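Take a look at the structure set out below.
Whatever order the structure lists ligands and atoms in, that order sets their numbers, starting from 1. Computed from a predicted structure; not experimentally measured. The first residue in the sequence is number 1, and the count goes up from there.
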Amino acid sequence: MSLTRLPSFRLHYNLNNSCSIIHLIIFIHFFFIPICHPLSFSMNRFDHSATNIIYEGDAAPNSGVIELNTPSYCRVGRATYAEPLHLWEGSLASDFTSNFSFTVDTLNSTSFADGFAFFLAPVHYPIPPNSNGPDLGLFNATTRFSSQNQLVTVEFDTHYNPEFGIDPAPGPHIGITNKTISSVVHANWDPFLYSGKEGRARITYNAATNNLSVFCTYDDSNAGNYSISLLIDLKKSLPEWVTIGFSSSTGLLFERHIIRSWEFISSELRRTYYDGEFHLPLFRWVWHLYLEGNLLDAADERLEMDFDQNEMECLLIVGLWCTHLHPRERPKAGQVIKFLQLEAPLPKLPHIMPEYPMRQPQQQPQTDSS
Ligand SMILES: *[C@@H]1O[C@H](CO)[C@@H](O)[C@H](O)[C@H]1NC(C)=O
Ligand SMILES: *[C@@H]1O[C@H](CO)[C@@H](O)[C@H](O)[C@H]1NC(C)=O
Ligand SMILES: *[C@@H]1O[C@H](CO)[C@@H](O)[C@H](O)[C@H]1NC(C)=O
Ligand SMILES: *[C@@H]1O[C@H](CO)[C@@H](O)[C@H](O)[C@H]1NC(C)=O
Ligand SMILES: *[C@@H]1O[C@H](CO)[C@@H](O)[C@H](O)[C@H]1NC(C)=O
Ligand SMILES: *[C@@H]1O[C@H](CO)[C@@H](O)[C@H](O)[C@H]1NC(C)=O
C-alpha cells in the first residue's frame, strides 16, 4: 500500500464492517508511521554466487571485483543492485549515500577511453543500442540530449569528446549529469595519473536541501581530492523507484573499469513541515495542528477534504494517541475500534506536545523521520 493511493481512500464506511476497520488501521499506520523502504548494503567483494548484483553487457565479477567491461574496442558493461531504490513518493524523498572504491586502468597507454558512471535510472532500464564510446552504456546518439531521459549520473569521464560537443571541459572530468549526457557541474580529473590506483568515491544526496554531492579521493594522493555538488530535486529528474549501479564503455580507445567495493544506505522517506524556523516531522506537525485547533488541515492535503469531518477528527486524535510515549498508555485495538465507530468518547489528549526524544540526533536538525 502506498501513499499515492491514499487520495482515493474514502471514510464513508459502514464501520461495523471489519474490513473497513482494517482499512482505517492501515490508514493510521501510514499516516503516523514512517514509510519504510530504506535500502542498505555493504559489499567488499563480488562473487559469481551472489545474486544481489545484476551483470549486463561485459560486466562480470572477477577475483572479488567487478570488471565492468573487457578492455577492448566498443564495449559496454553494467552492474546494478538487484533491488530497486524507493527514491521518492509524493512530497517525500529519500536521502542516500553511495560509497564505492574503483580503479581505472589506462593500461599504460596515454590514449584511453571512455569512463564509467554511477547512475540512477528507471527500474529495468536496458542498455541502449549503440551506447558504447562516449555514451557510457547509458545514452546513444538519439537520446544523448533528450530531456525525456530519466537518468542522473555521476560520471568519471576519462575522454574528452570535442567532436560531439558533449563535454563541459577540455579533458577528463568527474561530473554530475541531469537527464542528458552533459555534466551540469564537473571537476577536472586525471585518470592517467591515478591509473591502476584505488580511488574512493562518496556520493551523498540530502533530500531536505536537494544537495547531491560527490567526493573522491585516492589513498596515496597528495595531488588533492575531487569535490563537486549540485542542488537538484531528484523528484523532477527520476521516477519514484530507480535502479542504481555502475555502467562503463569503451570506443576506439579503451581501458579497464573496476569496482572494488560498494556500500549504500538510504533513509526512510522523509517529509519536513516548515513551521517558522523549524522543520517538523509528520506527527509533530499533526500535534501542532491539533493544539492550534486546525487538526483537519492534516487530512486536507492528502484527501482533499473529501471525508466526514467527525470521523476524520476522531481518526487523527486516535492516531496522535497512538504516538503516546509510553506504549502502555496507547489505546488497545478494541478501544481504537470503539472510538472509530464513534461509540466511545474521544480520549483526552494533553494540551502540550509530549517531549518526543529525537530519534537521530546526529542528523541535520532540519530533517527528521516522519
Ligand atoms: C604498466 O606498466 C607497469 C610498470 O611499468 C607494469 O608493472 C604493468 O604490468 C603495465 N601494465 C600493463 C597492463 O601493461
Ligand atoms: C538509441 O536507443 C533507443 C532506445 O533507447 C533506440 O530507439 C534508438 O534507435 C537508438 N539509437 C541509435 C542510434 O541506435
Ligand atoms: C552540498 O554539500 C556539500 C557537502 O556537505 C557541501 O560541501 C556543498 O557546499 C553543498 N553544496 C551546495 C550547493 O550547497
Ligand atoms: C583529501 O581528503 C582526505 C580525506 O579523505 C584528507 O585526509 C586529505 O588531507 C585531503 N587531501 C587534500 C590535498 O586536500
Ligand atoms: C534537471 O533536469 C530537469 C528536467 O530537464 C530540470 O527541470 C531541472 O531544473 C534540472 N536540474 C538541474 C539542477 O539542472
Ligand atoms: C561513506 O563514507 C563515509 C566517509 O568515508 C562514512 O562516514 C559513511 O558512513 C560511509 N557510508 C556508507 C553507507 O558506507
Side-chain angles (χ1 to χ4, degrees), residues 56-57 73-78 80 87-88 91 93-100 114 117-155 157 161 163-169 173-187 200-217 224-240 242-243 245 247 249-252 265-267 270 272 279 360 362-367:
E56 293 167 87
Y73 304 105
C74 298
R75 309 305 306 177
V76 293
R78 183 187 284 189
T80 51
L87 186 62
W88 63 273
S91 57
S94 168
D95 297 339
F96 64 81
T97 296
S98 178
N99 289 345
F100 57 90
D114 272 282
F118 170 78
F119 70 96
L120 301 98
V123 177
H124 304 311
Y125 179 68
I127 297 179
N130 303 312
S131 55
N132 61 48
D135 294 298
L136 299 185
L138 294 168
F139 305 90
N140 66 26
T142 314
T143 61
R144 260 173 220 159
F145 299 108
S146 167
S147 59
Q148 302 298 306
N149 297 321
Q150 293 182 298
L151 275 171
V152 170
T153 84
V154 174
E155 60 164 359
D157 186 335
N161 294 101
E163 65 278 27
F164 299 117
I166 56 177
D167 285 332
H173 55 272
I174 300 172
I176 298 175
T177 70
N178 173 30
K179 300 233 172 204
T180 73
I181 196 171
S182 303
S183 295
V184 184
V185 288
H186 74 276
R200 283 182 289 116
R202 183 174 77 233
I203 298 169
T204 303
Y205 184 61
N206 181 327
T209 57
N210 286 343
N211 184 335
L212 180 64
S213 63
V214 183
F215 178 76
C216 176
T217 185
N225 299 317
Y226 302 88
S227 183
I228 52 175
S229 66
L230 178 66
L231 296 182
I232 177 169
D233 182 355
L234 292 181
K235 297 196 287 299
K236 293 192 174 134
S237 299
L238 291 165
E240 299 182 10
V242 291
T243 288
S247 182
S249 63
T250 65
L252 298 179
I265 189 161
S266 71
S267 69
R270 285 160 197 282
T272 56
H279 290 271
Q360 287 152 314
Q362 78 280 16
Q363 292 253 298
Q364 297 204 353
Q366 73 267 37
T367 63

Pull out every atom of ligand 2 sitting under 4.0 Å from any heavy atom of Pro129, numbered as shown with elements.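 Counting from 1, the qualifying ligand atoms are 2 (O), 10 (C), 14 (O).
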Any protein heavy atom sitting closer than 4.0 Å to atom 9 (O) of ligand 5?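 So atom 9 (O) of ligand 5 lacks protein heavy-atom neighbours under 4.0 Å.
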Please tell me if atom 5 (O) of ligand 3 is touched by the protein, where touching means a protein heavy-atom distance below 4.0 Å.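 Looking at atom 5 (O) of ligand 3, one finds that no protein heavy atom lies closer than 4.0 Å.
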Nearest-0.5 Å distance, OH of residue Tyr125 to CD of residue Gln150: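 Between Tyr125 OH and Gln150 CD, I get 10.0 Å after rounding to 0.5 Å.
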In Å, rounded to the nearest 0.5 Å, how long is the span from CG of Asp157 to OG of Ser183?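 Asp157 CG to Ser183 OG: 7.0 Å, rounded to 0.5 Å.
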Donor-acceptor under 3.5 Å (Arg200 side chain, Asn99 main chain):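 The answer is no, because no donor-acceptor pair under 3.5 Å joins these two groups.
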Residue-ligand contact Lys179/ligand 5, heavy atom below 4.0 Å: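 It does; at least one heavy atom falls under 4.0 Å.
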Taking all non-hydrogen atoms of both residues, which atom of Asp135 and which atom of Arg144 are closest, and how far apart?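 Heavy atoms only, the tightest pair is OD1-NE, 2.8 Å.
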Is a donor from one side chain sitting under 3.5 angstrom from an acceptor on the other, for [X] and [Y]?
{"X": "Glu155", "Y": "His173", "answer": "yes"}
{"X": "Ser237", "Y": "Asn178", "answer": "yes"}
{"X": "Tyr73", "Y": "Asn132", "answer": "no"}

Which of these, Val185, Leu231, Thr180, has its nearest heavy atom closest to atom 13 (C) of ligand 5?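 Considering heavy atoms of Val185, Leu231, Thr180, the nearest to atom 13 (C) of ligand 5 sits in Leu231.
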Give me the nearest non-hydrogen protein atom to [atom] as residue plus atom name, then the distance to 0.1 Å.
{"atom": "atom 14 (O) of ligand 2", "answer": "Asn130 ND2, 2.8 Å"}
{"atom": "atom 1 (C) of ligand 2", "answer": "Asn140 ND2, 1.5 Å"}
{"atom": "atom 11 (N) of ligand 5", "answer": "Asn178 ND2, 2.8 Å"}

I'd like to check which ligand 3 atoms, numbered from 1 as shown, lie under 4.0 Å from a non-hydrogen atom of Ser229.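 Heavy-atom distances to Ser229 below 4.0 Å select 1 (C), 8 (C), 10 (C), 11 (N), 12 (C), 13 (C).
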Could you tell me which atoms of ligand 3, counted from 1 in the order shown, lie closer than 4.0 angstrom to a heavy atom of Asn211?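 Taking each heavy atom of Asn211 in turn, ligand 3 has 1 (C), 2 (O), 3 (C), 8 (C), 10 (C), 11 (N), 12 (C), 14 (O) under 4.0 Å.
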Should you measure from each heavy atom of Ser237, which atoms of ligand 5 turn up under 4.0 Å away?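 This gives 1 (C), 2 (O) as the contact atoms.
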So for atom CG, which belongs to Leu231, do other residues, nucleotides or ligands contribute more than 12 heavy atoms lying within a distance under 6.0 Å?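 More than 12 within 6.0 Å, yes.
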So for ligand 2, is Thr142 a polar contact partner (N or O within less than 3.5 Å, distance only)?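 By distance alone, the answer is yes.
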